[in-house]
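For reference, positions follow the sequence shown, starting with 1.
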Amino acid sequence: MQRESTVTKSEHTDTGHIKKVMMGSAAGTIVEWFDFALFGYMAVYIAQNFFPTEDKMAGLLATFAVFLVSFIVRPLGGIYFGRLGDRIGRKKILALTVLLMSGSTAAIGLIPTYDSIGIWAPVLLIIIRCIQGLSAGGEYTGATIYTVEHSPMNKRNSYAWAMSGATYFAFALAAGISAGLAAIIGTEAMGDWGWRTIFLLAVPMGIVAFFIRDHLAESPEFQQMRAEKKGQLSYSASQVFKAEGSNIVKLGGFIVLYALSFYIFSTYMNTFLRTVIGLSSVQSLTANMVALLFVTALTPLAGVISDRVGRRRMMQFAAVWHALFTIPAYMIVSKGASLEAAIFGMLIIGIGQVAASVVAVTLLSEMFPTDMRYTASSMCYNITFAIFGGTAPYLAIWLTTQTGSYLAPAFYVTVVAVLCFFWVTVLMPETANKPLRRYHTEPAHDAKPAVSMGKASAS
């Protein structure tokens with residue numbers, strides 16, 4: 001295995017520098033997921049303005065179909081920006097993607113309604129969502145890689161948790177602002193113009209995130225790889241899959257659970273609380289905000305635990321928790337039919353979701369070598385999220401409509417969780433407390449148990 005360079009060691013032991021890296025990475029991640037969260041939370045209003053129909057469910061299905069479109073193009077953005085990130089560096093790509101994301105999100109708030117320009121309204125919405133998807137394809141994986149590559153070997157998850165925390169906080173922020181504005185101006189005004197003002201907040205947020213990232217240094221792991229490597233500096237998607245396809249599939253099998261449960265927990269739940277349970281817009285958004293703030297607070301602890309017990313045990317815990325408690329949580333929410341029941345049920349689901357997301361952010365770097373890391377992780381993450389995350393709200397509504405059971409989405413998550421447990425147990429290697437692979441020609445990690453914290457060497 002390679003030894004880390006002196007430059008890398010000094011960077012990895014500078015706690016102040018790592019905290020700046022965390023802040024810069026998290027700032028862009030907040031912008032990205034704030035933007036994506038808004039579309040889910042504003043789905044009812046978007047349906048009213050862009051897909052007017054007497055059948056509310058049909059309008060929601062059309063809206064979540066557009067939600068899915070951005071996920072379909074995310075793998076393309078992941079491959080494009082991933083190749084650039086592996087060739088020219090992580091920092092430049094992260095600065096670019098946050099500007100694209102914030103600009104496209106603000107544009108949604110400026111599109112005229114269907115009543116004003118007819119079919120061009122949903123067409124423009126789809127085009128802008130595609131731009132969002134392309135930029136998002138390179139954002140999240142790049143931010144997690146950038147953080148992990150700066151972190152000490154035995155504390156990678158203890159720092160990378162910030163990406164998961166930023167994601168949940170962004171959803172909580174979007175829910176909180178949406179609920180607050182709805183409470184102040186009322187549901188009718190929200191449907192007329194209020195929802196637009198929230199999308200426009202992406203502009204100042206994106207500018208701030210850009211300037212924070214623009215003042216950060218390049219990843220030392222990437223710098224060292226570029227200094228050592230004499231040959232090819234970036235690879236095509238086919239070359240990456242040929243070299244790392246096995247690890248892409250292995251990690252993708254776990255990210256299926258992460259992607260599905262995340263959007264059932266964060267995006268569909270808001271729609272479920274309003275259309276199935278009958279809570280008001282303010283109540284459903286408040287429940288989302290409280291639950292998301294709770295899981296945000298859990299992410300640092302989950303990161304530390306992951307570094308101590310290893311990635312495999314953390315993944316197994318996430319799968320078991322989802323398998324055991326997703327259906328009971330939905331029953332609590334539906335039977336209680338109140339704000340308190342909604343919050344309690346979401347908190348239960350949130351514990352398993354935190355475990356899945358926190359370990360996934362670090363595995364995106366630990367499973368792949370530096371020279372292919374950005375491309376390989378973007379392919380794995382974005383393709384899996386496109387298939388299982390982007391379809392989650394749509395399938396949840398469709399399953400509920402077809403079966404007539406509000407528990408159908410919960411059964412869906414439960415089945416995936418059971419399959420995921422066996423997948424992890426049989427196929428996933430242990431990567432905690434082991435050096436990152438620098439080149440794809442080096443042997444991949446084996447499936448031996450993680451080294452204990454006491455025996456792990458500090459980077």
Side-chain angles (χ1 to χ4, degrees), residues 21-41 67 70-71 74 78 94 97-98 101-102 105 132-133 135-148 157 159-178 202 205-206 209 213 254-255 257-270 288-303 306 314 318 346-347 349-365 377-378 381-382 384-386 388-390 392-393:
V21 168
M22 289 173 63
M23 181 177 69
S25 298
T29 299
I30 289 173
V31 174
E32 176 196 355
W33 291 108
F34 177 83
D35 298 348
F36 260 71
L38 278 183
F39 196 91
Y41 290 144
F67 181 82
S70 66
F71 281 87
R74 278 180 74 157
L94 290 177
T97 54
V98 75
M101 190 69 185
S102 58
T105 298
Q132 274 191 323
S135 58
E139 163 61 37
Y140 189 67
T141 51
T144 62
I145 289 169
Y146 186 69
T147 303
V148 170
N157 226 168
Y159 288 108
W161 66 262
M163 299 307 100
S164 290
T167 302
Y168 294 127
F169 178 75
F171 271 78
L173 183 65
I177 292 175
S178 301
M205 291 174 65
R213 285 183 168 180
F254 173 70
I255 291 183
L257 176 62
Y258 167 32
L260 174 61
S261 67
F262 180 81
Y263 280 102
I264 291 293
F265 169 69
S266 61
T267 302
Y268 170 70
M269 184 59 75
N270 180 60
N288 270 268
M289 181 184 67
V290 172
L292 287 161
L293 288 175
F294 169 75
V295 296
T296 301
L298 284 184
T299 52
L301 176 61
S306 175
M314 199 69 172
M346 290 189 69
L347 294 185
I349 299 173
I351 293 174
Q353 171 54 212
V354 167
S357 68
V358 166
V359 71
V361 297
T362 305
L363 285 166
L364 286 168
S365 293
S377 63
S378 293
Y381 178 83
N382 288 302
T384 308
F385 260 73
F388 293 93

Can you tell me how far [atom2] of [Y] sits from [atom1] of [X], rounded to the nearest 0.5 angstrom?
{"X": "Thr362", "Y": "Met314", "atom1": "OG1", "atom2": "CE", "result": "10.0 Å"}
{"X": "Leu298", "Y": "Ser164", "atom1": "CG", "atom2": "OG", "result": "11.5 Å"}
{"X": "Thr141", "Y": "Tyr146", "atom1": "OG1", "atom2": "OH", "result": "15.0 Å"}
{"X": "Leu260", "Y": "Ile255", "atom1": "CG", "atom2": "CD1", "result": "13.5 Å"}
{"X": "Met346", "Y": "Ile351", "atom1": "CE", "atom2": "CD1", "result": "12.5 Å"}
{"X": "Thr296", "Y": "Trp161", "atom1": "OG1", "atom2": "CH2", "result": "9.0 Å"}

Can you check whether Ile30 reaches Phe169 side chain to side chain, under 4.5 Å on heavy atoms?
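They are in contact (side-chain heavy atoms under 4.5 Å apart), so the answer is yes.
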
Side chain to side chain donor-acceptor pair (under 3.5 Å) with Ser178: which residues, sequence neighbours excluded?
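For Ser178 there are no side chain to side chain donor-acceptor pair (under 3.5 Å) partners, ignoring immediate neighbours.
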
Stepwise side chain to side chain contact (heavy atoms under 4.5 Å, CB included) check, Val21 with Tyr159:
CA-CA 10 Å; Val21 168; Tyr159 288 108; over 6 Å; no

Using every non-hydrogen atom in the two residues, find where [X] and [Y] come nearest and quote the distance to one decimal.
{"X": "Thr147", "Y": "Ala160", "answer": "CG2-CA, 4.0 Å"}
{"X": "Ala162", "Y": "Ala26", "answer": "O-CB, 4.2 Å"}
{"X": "Arg213", "Y": "Ala143", "answer": "NH2-CB, 3.9 Å"}
{"X": "Val358", "Y": "Asn157", "answer": "O-ND2, 3.0 Å"}
{"X": "Thr97", "Y": "Gly138", "answer": "CG2-C, 4.3 Å"}
{"X": "Glu32", "Y": "Met101", "answer": "O-CE, 3.5 Å"}

Centre-to-centre under 6.0 Å for Phe388 and Tyr258, is that the case here?
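When the ring centroids of Phe388 and Tyr258 are compared, they turn out to be at least 6.0 Å apart.
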
Using the ring pair (Phe, Tyr, Trp, His ring centres under 6.0 Å) criterion, which residues pair with Tyr140? Sequence neighbours excluded.
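Checked Tyr140 against ring pair (Phe, Tyr, Trp, His ring centres under 6.0 Å); matches are Trp33, Tyr381.
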
Run the side chain to side chain contact (heavy atoms under 4.5 Å, CB included) test on Ser25 and Met163 for me, step by step, so that the C-alpha distance in whole Å, both residues' side-chain angles and the decisive distance to 0.1 Å come before the verdict.
CA-CA 7 Å; Ser25 298; Met163 299 307 100; 3.4 Å; yes

Does Glu139 form a side chain to side chain contact (heavy atoms under 4.5 Å, CB included) with Leu94? I'd like the steps, not just the answer.
CA-CA 6 Å; Glu139 163 61 37; Leu94 290 177; 4.3 Å; yes

Show your reasoning for whether side chain to side chain contact (heavy atoms under 4.5 Å, CB included) applies to Ser357 and Thr167.
CA-CA 10 Å; Ser357 68; Thr167 302; over 6 Å; no

